[in-house]
**Student:** 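Can you read through this structure? Questions will come right after.
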There are 2 protein chains.
Amino acid sequence: MSQHGIKKRKLDRSTEDHMYFDSYSDVTIHEEMIADAVRTNAYRTGIFQNTKSIEGKVVLDVGAGTGVLSLFCAQAGARKVYAVEASSIADQAVRIVKLNQMEDRIEVIKARLEAIDLPEQVDVIVSEWMGYALLHESMLNSVIFARDKWLKPGGLILPHKADLFIAPINDLVVEGRLNFWSTVEGQYGVDMSCMTDFARKCIMNNDITVSPVTVEDVLSHPCKFAELDLHTVTPEQLKDVRGVYRCECFGSSSIHALCVWFTVTFPADDKALVLSTSPFKPETHWKQAVLYLDDPVDVMQDTQVEGEISLYPSEKNSRHICIHVDYAIGEQKKKSKAFSIPDQFLEV
Amino acid sequence: MSQHGIKKRKLDRSTEDHMYFDSYSDVTIHEEMIADAVRTNAYRTGIFQNTKSIEGKVVLDVGAGTGVLSLFCAQAGARKVYAVEASSIADQAVRIVKLNQMEDRIEVIKARLEAIDLPEQVDVIVSEWMGYALLHESMLNSVIFARDKWLKPGGLILPHKADLFIAPINDLVVEGRLNFWSTVEGQYGVDMSCMTDFARKCIMNNDITVSPVTVEDVLSHPCKFAELDLHTVTPEQLKDVRGVYRCECFGSSSIHALCVWFTVTFPADDKALVLSTSPFKPETHWKQAVLYLDDPVDVMQDTQVEGEISLYPSEKNSRHICIHVDYAIGEQKKKSKAFSIPDQFLEV
């Protein structure tokens with residue numbers, strides 16, 4: 001019936017880590033990731049199309065989980081794969097590696113990436129580090145650490161590039177929920193229409209809402225606002241991933257929210273392979289990150305939506321992402337709003 | 001991507017209360033309750049069919065929320081309704097009462113029921129106190145307190161009776177999830193079939209899982225195992241609501257879980273009105289409480305499932321329900337398992 005609120009508090013680093021790694025011990029998240037065919041096939045293809053850089057080489061898998069990416073790399077001919085995983089799912093990875101008779105080539109290391117000691121530098125880093133809104137859980141810092149400490153000069157990172165996008169969206173579900181309170185009198189004979197304001201404040205709040213946006217709801221072409229080159233990005237840069245955006249609306253509608261998503265790209269000789277979490281593409285388990293405005297804003301064809309957006313780690317828990325958005329819609333004066341992942345994150 | 005685990009700890013009473021009442025401030029739970037037409041119409045009809053006991057009388061609404069039940073009682077002719085609500089949704093109830101021009105007859109009291117002081121005894125108590133598995137959040141204790149302190153002798157309680165039921169169920173979703181790991185090799189060329197054991201331990205765990213059970217999944221007739229008469233039940237009895245059950249399976253299948261649900265009944269001169277959360281009836285927001293066995297058990301027609309079940313408050317948080325079940329299936333020897341509501345409760 002209820003979601004009990006947990007008091008907010010600043011967590012120390014070891015508690016953060018413990019909570020973080022704990023959360024990967026359950027089967028559900030791994031099932032969801034493996035069952036996400038867009039994700040898993042993109043990695044499989046991205047790895048296999050780089051076979052000539054992997055064959056006979058040494059690979060480091062950062063946050064290996066069940067070890068599936070390590071197995072793809074071994075199948076692509078890697079001489080040795082170090083599969084580093086801090087949570088207890090590493091025990092399952094060991095069993096899976098054995099079942100696939102790859103124990104001579106894949107070594108599962110149950111430890112935090114930052115704490116490992118490898119006998120050699122690696123030729124390739126592979127990692128599925130992306131969280132909601134790309135940076136939630138900020139595992140990218142571990143990939144950077146691995147790159148700076150263990151990757152040979154000129155080594156390969158899979159994927160090697162990430163892009164962030166934004167677009168305004170209409171949200172029929174929220175529209176229906178706001179309208180609901182005006183329908184109560186017709187249904188039960190009690191007028192509850194005065195709840196609409198309260199409902200809007202509760203629903204169009206400061207949470208980063210993770211939910212699947214349908215293509216019909218997107219009100220403009222995507223606007224790319226930031227790009228991360230994994231070969232050069234620094235931890236300092238991840239403290240404020242920022243960009244400007246400008247979108248032009250397709251037609252008459254109402255903007256409820258700005259929607260943020262990402263792509264990552266695998267290098268290739270011919271055609272780079274893109275794993276996209278765009279609402280214009282098949283749904284992935286990342287869905288999209290939805291940032292509700294305080295109020296719906298009506299727009300027409302060619303109404304401009306522009307501003308600046310910044311992603312940065314939460315002060316309370318550095319693994320949690322916050323997003324700050326400035327937005328000006330048409331002739332309205334610029335507003336701004338800051339968002340964070342709710343304490344008790346619920347998938348919608 | 002993850003659900004961060006919160007460390008378990010024993011909460012003091014005021015923290016429990018604060019968390020509990022906090023959770024009712026958001027609009028979502030109230031929207032869900034009002035939009036649950038099975039629930040809201042049952043209360044509306046249950047109240048209206050008792051009009052002759054309400055007309056000109058004084059009513060106490062325990063945990064009034066948005067005040068909808070108070071308004072039904074006022075519409076049924078109550079002279080005065082005390083709508084007691086401790087969470088900040090009481091502020092919305094005040095506005096709704098005004099909008100419906102009932103402020104002379106409905107008094108919203110923003111306080112814990114146990115702390116209020118009324119100028120008079122009441123003729124009727126109305127309350128929608130039921131949580132998941134009937135007793136999760138144990139608001140029934142407040143109804144009992146209200147009854148013992150404020151209800152006139154011979155007064156009415158709406159609803160006046162609650163019944164608890166159990167039946168074994170098959171779960172195709174869980175079956176599919178357990179089988180998933182054997183399908184990975186066909187899809188991606190990596191054998192992950194050894195994950196099935198781990199998946200079973202994670203999925204068929206000790207959580208009380210709240211999810212909608214479809215009628216096709218129920219493997220026997222319902223068995224009633226406990227009954228609460230709201231006129232006589234004591235807080236002492238709520239510390240251990242216990243009963244035996246025996247079910248006979250319809251046909252060949254596999255039992256994954258025992259499913260628990262409840263009904264509450266409104267008194268009537270002719271035909272008592274029953275609000276049912278049975279899987280054989282239209283779905284409500286309570287869904288059903290599902291208790292997974294450790295392993296699926298195959299059954300045939302007439303296989304007996306029998307044992308004892310007990311509902312009791314958690315030691316960590318007295319508002320949270322735990323369930324202990326003994327079960328013997330066919331010739332198998334008796335087993336037992338204890339369940340609780342997960343710390344971070346997720347609707348499925």
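Below, chains carry the letters A, B, ... as their sequence lines are ordered, and counting in each starts from 1. Side chains included, hydrogens not; waters and symmetry mates left out as well; all remaining heavy atoms used. A quick note: this is a predicted structure, and the numbers were derived from the prediction, not measured.
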**Student:** If every non-hydrogen atom of B:R44 is compared with every non-hydrogen atom of A:Q187, which pair is closest and at what distance?
**Tutor:** NH1-O, 4.3 Å
**Student:** Nearest heavy-atom pair of A:L71 and B:V190: which atoms, and what distance?
**Tutor:** CD1-CG1, 3.4 Å
**Student:** Search all heavy atoms of B:I89 against all heavy atoms of A:F198 and return the closest pair with its distance.
**Tutor:** CD1-CE2, 3.5 Å
**Student:** So which heavy atom on B:Y188 is nearest to which on A:I34, and how close?
**Tutor:** OH-O, 2.8 Å
**Student:** For B:R95, is it the side chain, the backbone, both, or neither that has a heavy atom closer than 4.5 Å to a heavy atom of chain A?
**Tutor:** both
**Student:** Considering only heavy atoms, which portion of A:N205 lies under 4.5 Å from any heavy atom of chain B: side chain, backbone, both, or neither?
**Tutor:** neither
**Student:** Between A:V184 and chain B, with a heavy-atom cut-off of 4.5 Å, which part of the residue counts as in contact: side chain, backbone, both or neither?
**Tutor:** side chain
**Student:** Select one option (side chain, backbone, both, neither) describing which atoms of A:Q75 are under 4.5 Å from chain B's heavy atoms.
**Tutor:** side chain
**Student:** About how many Å separate SG of B:C202 and NE2 of A:H30, when rounded to the nearest 0.5 Å?
**Tutor:** 8.5 Å
**Student:** Using side-chain hydrogen bond (donor to acceptor under 3.5 Å, both in side chains) as the criterion, list what pairs up with B:D191, not counting sequence neighbours.
**Tutor:** B:S193
**Student:** Got a second to check how far B:C194's SG is from A:K98's NZ, nearest 0.5 Å?
**Tutor:** 10.5 Å
**Student:** Name every donor-acceptor pair, under 3.5 Å, that has one atom in a side chain of residues 173-181 of chain B and the other anywhere in the protein, sequence neighbours excluded.
**Tutor:**
residue, atom, partner, partner atom, Å
B:E175, OE1, B:H256, NE2, 3.4
B:R177, NE, A:E31, OE1, 2.9
B:R177, NE, A:E31, OE2, 3.1
B:R177, NH2, A:T28, OG1, 3.1
B:R177, NH2, A:E31, OE1, 2.9

**Student:** Among A:I203, A:L99, A:T66, A:D91, which has the most heavy-atom pairs under 4.5 Å with chain B?
**Tutor:** A:L99
